[in-house]
Amino acid sequence: AQSVTQLDSHVSVSEGTPVLLRCNYSSSYSPSLFWYVQHPNKGLQLLLKYTSAATLVKGINGFEAEFKKSETSFHLTKPSAHMSDAAEYFCVVSEPTSGYALNFGKGTSLLVTP
Amino acid sequence: NAGVTQTPKFQVLKTGQSMTLQCAQDMNHNSMYWYRQDPGMGLRLIYYSASEGTTDKGEVPNGYNVSRLNKREFSLRLESAAPSQTSVYFCASSRLAVSTGELFFGEGSRLTVL
């Protein structure tokens with residue numbers, strides 16, 4: 001069975017400082033992993049995806065994530081936070097045994113302070 | 001580009017009433033989905049339609065029905081609304097197989113059942 005755990009429900013950073021949003025996954029097979037972002041009162045938007053190619057994945061708006069199989073992690077990072085990064089972020093896993101259904105984490109709310 | 005359009009954006013129902021949430025996409029996508037989002041729960045799949053003419057249950061289908069009216073439209077019906085169905089509902093579509101994780105979301109429909 002597949003699942004994801006987002007280790008922090010809320011993260012607060014100052015503008016210009018690094019962002020780290022943590023995600024651990026559980027999967028019986030080689031999973032596909034994704035990060036989605038949801039700005040207030042908006043739908044979700046795909047930020048980046050890992051599908052067994054390069055372990056370091058670059059996404060939109062300067063975000064990137066590294067797939068670490070030994071640690072079963074897929075943490076999202078950004079070198080310098082911008083005010084517009086304030087949003088809800090979801091880690092998502094998909095694997096063949098579940099018909100490739102997307103399994104969403106519970107989300108991490110990122111607050112960026114001036 | 002309109003993308004995925006949901007109507008209505010807000011709705012208040014009384015217990016036992018029925019209603020239909022409408023969803024339309026203009027991207028010529030084959031697959032469409034209905035999710036519900038509850039605080040601290042992430043997104044949970046209600047129903048999906050892999051292609052025109054087919055529908056399948058997701059993780060939480062009880063109390064809901066769906067219709068894939070044509071390639072563009074995928075509606076979600078609550079036959080007898082219950083307070084437990086108070087949620088934000090998201091429609092999504094994908095051009096490629098769901099395993100790619102590349103879903104395009106509408107802006108959501110906020111439903112309150114009293």
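Within every chain, numbering begins at 1; the chains are lettered A, B, ... in the order of the sequence lines, protein sequences first and strands thereafter.
If you chain together hydrophobic residues whose side chains sit under 4.5 Å apart, A/Val93 and A/Leu76 fall into the same group. No continuous path of hydrophobic side-chain contacts links B/Tyr48 to B/Leu78 [ILVMFWY only; heavy atoms under 4.5 Å]. With hydrophobic clusters built from ILVMFWY side chains whose heavy atoms lie under 4.5 angstrom apart, A/Val13 shares a cluster with A/Trp35. B/Val88 and B/Phe105 fall within the same hydrophobic cluster, where Ile, Leu, Val, Met, Phe, Trp and Tyr residues are linked whenever their side-chain heavy atoms come under 4.5 Å apart, directly or through other members. One hydrophobic cluster, built from ILVMFWY side chains closer than 4.5 Å, cannot hold both B/Phe10 and B/Val12; they sit in different ones.
No more than 12 heavy atoms of other residues, nucleotides or ligands lie within 6.0 Å of NZ in A/Lys106, so this atom counts as exposed by the packing criterion.
Note on B/Gln37, B/Arg44, B/Lys9: by heavy-atom pairs under 4.5 Å with chain A, the leading option is B/Gln37. The residue among A/Asn41, A/Val92, A/Leu33 with the most heavy atom pairs within less than 4.5 Å of chain B is A/Asn41. The most heavy-atom pairs under 4.5 Å with chain A, out of B/Leu43, B/Val4, B/Asp38, come from B/Leu43.
Within the 4.5 Å cutoff, no side-chain heavy atoms of B/Leu45 are placed close to those of A/Leu102.
With a threshold of 4.5 angstrom between heavy atoms, A/Asn103 does not approach chain B through any atom at all.
Within residues 107-114 of chain B, the residues that have a heavy atom under 4.5 Å from a heavy atom of chain A are B/Glu107, B/Arg110, listed by number. Residues of residues 80-90 of chain A lying under 4.5 angstrom from chain B, judged on non-hydrogen atoms, are A/Phe90 in numerical order.
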| query | What's the verdict on side chain to side chain contact (heavy atoms under 4.5 Å, CB included) for A/Tyr36 and B/Leu103, showing C-alpha distance, side-chain angles and the deciding distance? | reply | CA-CA 10 Å; A/Tyr36 273 82; B/Leu103 271 59; 3.5 Å; yes
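Residue B/Phe90 comes nearest to A/Gln38 through the heavy atom pair CZ-NE2, 3.2 Å, listed as atom of the first residue, atom of the second, then distance.
Rounding to the nearest 0.5 angstrom, the gap separating the CD atom in A/Gln45 from the CZ atom in B/Phe104 is 9.0 Å.
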